[in-house]
Amino acid sequence: WTPGTTDLFGQTGQFFWYGDHVNLVQEYAGYDEDPRVHERGSVVACSTNDFVTWTYQGTMIHFSNISDLALGTEGPFIIERPKVVYNDMTNKYIMWMTIDDYDSELGITAIAQSLYPNGPYEFLNSFLPDGNETHDQTLYQDDKVDVTCGMPGAPQVACVDGESAT
């Protein structure tokens, strides 16, 4: 994808896959203080126009660029299950994700934004949409560009501009 072309996830035939890449290797003394914290992981993306040939798009957001604004927990953090939708009102791509610690004890929802589907994404906020932790969520974007955020066992949350309302 190149800046200046029209793209709304597939309208130009370009599709993106986002995934979390976690480096859990902690085999040496001093790992927690290692200055290479950015190597612990990131969200990466690939793109395709035929679902056969894929192009690596690189890092969208590093784990070192996120923080816990919901509970104030100190990192390091990991990102899990990233999902991206396009926001017509802001003309930006919005990434929804779960941020957690290495023991999966936090379950905080986070959002980031980018002008382009292939990043880079800027961290905006982390929060607990229904006041409880969530380790899995999904997004649905309808024809009207309304986005609904769903979490197993929880009421549906309507999400607008990175804010949530029940």
- Going by heavy atoms in the side chains, are Tyr86 and Tyr93 under 4.5 Å from each other? yes
- Query: Is the closest side-chain donor-acceptor distance between Glu80 and Thr98 under 3.5 Å?
  - Reply: no
- Message: Tell me whether Ser126 contacts the main-chain N or O of Ser67 through its side chain, where contact means a donor paired with an acceptor under 3.5 Å.
- Response: yes
- First locate atom CD1 of Ile99, then atom CD1 of Ile111, and finally report the distance between them rounded to the nearest 0.5 Å. 11.0 Å
- Message: Could you walk me through whether Thr48 and Thr55 satisfy the side chain to side chain contact (heavy atoms under 4.5 Å, CB included) test, starting with their C-alpha distance in whole Å, then the side-chain angles of each, then the deciding distance to 0.1 Å, before giving a yes or no?
- Response: CA-CA 6 Å; Thr48 186; Thr55 302; over 6 Å; no
- Find out whether Val84 and Tyr121 are in side-chain contact, i.e. whether some heavy atom of one side chain is under 4.5 Å from a heavy atom of the other. yes
- Message: With a 4.5 Å cut-off on side-chain heavy atoms, are Asp101 and Ile78 touching?
- Response: no
- For the student: nearest non-hydrogen atoms of Thr53 and Asp50, plus distance: N-OD1, 2.8 Å
- Parallel, tilted or perpendicular: rings of Phe51 and Trp54 (30°, 60°): perpendicular
- Taking side chain as C-beta onward, heavy atoms only, is Ile79 less than 4.5 Å from Phe77? no
- Item | Verdict with supporting geometry, Leu69 and Phe123, side chain to side chain contact (heavy atoms under 4.5 Å, CB included) | CA-CA 11 Å; Leu69 301 175; Phe123 173 79; 3.9 Å; yes
- Does the side chain of Tyr18 come within less than 4.5 Å of Lys83's, by heavy atoms? no
- Task: Locate the shortest heavy-atom distance separating Glu105 from Glu133; write the atom from each residue and the value.
- Result: O-OE1, 3.6 Å
- Item | Distance-minimising heavy-atom pair for Pro117 and Met60 | O-SD, 3.9 Å
- Note on the structure: The reported gap from CD1 in Ile66 to CD1 in Ile61 (rounded to nearest 0.5 angstrom) is 7.0 Å
- Same cluster for Val44 and Met95 if Ile/Leu/Val/Met/Phe/Trp/Tyr side chains link at under 4.5 Å? no
- Pairwise distance CD(Gln113) to CD(Glu122) - rounded to 0.5 angstrom: 5.5 Å
- Message: Between Ile108 and Leu128, is there a side-chain heavy-atom distance shorter than 4.5 Å?
- Response: yes
- In Å, rounded to the nearest 0.5 Å, how long is the span from OG of Ser47 to CD of Gln14? 4.0 Å
- Which heavy-atom pair separates Asp20 from Arg81 by the least distance, and what is that distance? OD1-N, 3.4 Å
- Worked check of side chain to side chain contact (heavy atoms under 4.5 Å, CB included) between Asn65 and Phe63: CA-CA 5 Å; Asn65 293 338; Phe63 289 0; over 6 Å; no
- Message: If you apply the rule side chain to side chain contact (heavy atoms under 4.5 Å, CB included), what do you find for Thr59 with Val43, and how did you get there?
- Response: CA-CA 6 Å; Thr59 297; Val43 172; over 6 Å; no
- How about Phe15 and Asn49: do any of their side-chain heavy atoms sit closer than 4.5 Å? no
- Note on the structure: Looking only at heavy atoms, the pair that brings Ser114 and Gly119 closest together is OG-CA, 3.4 Å
- Message: Which heavy atom of Leu71 sits nearest to which heavy atom of Leu106, and what is that distance?
- Response: CD1-CD2, 4.2 Å
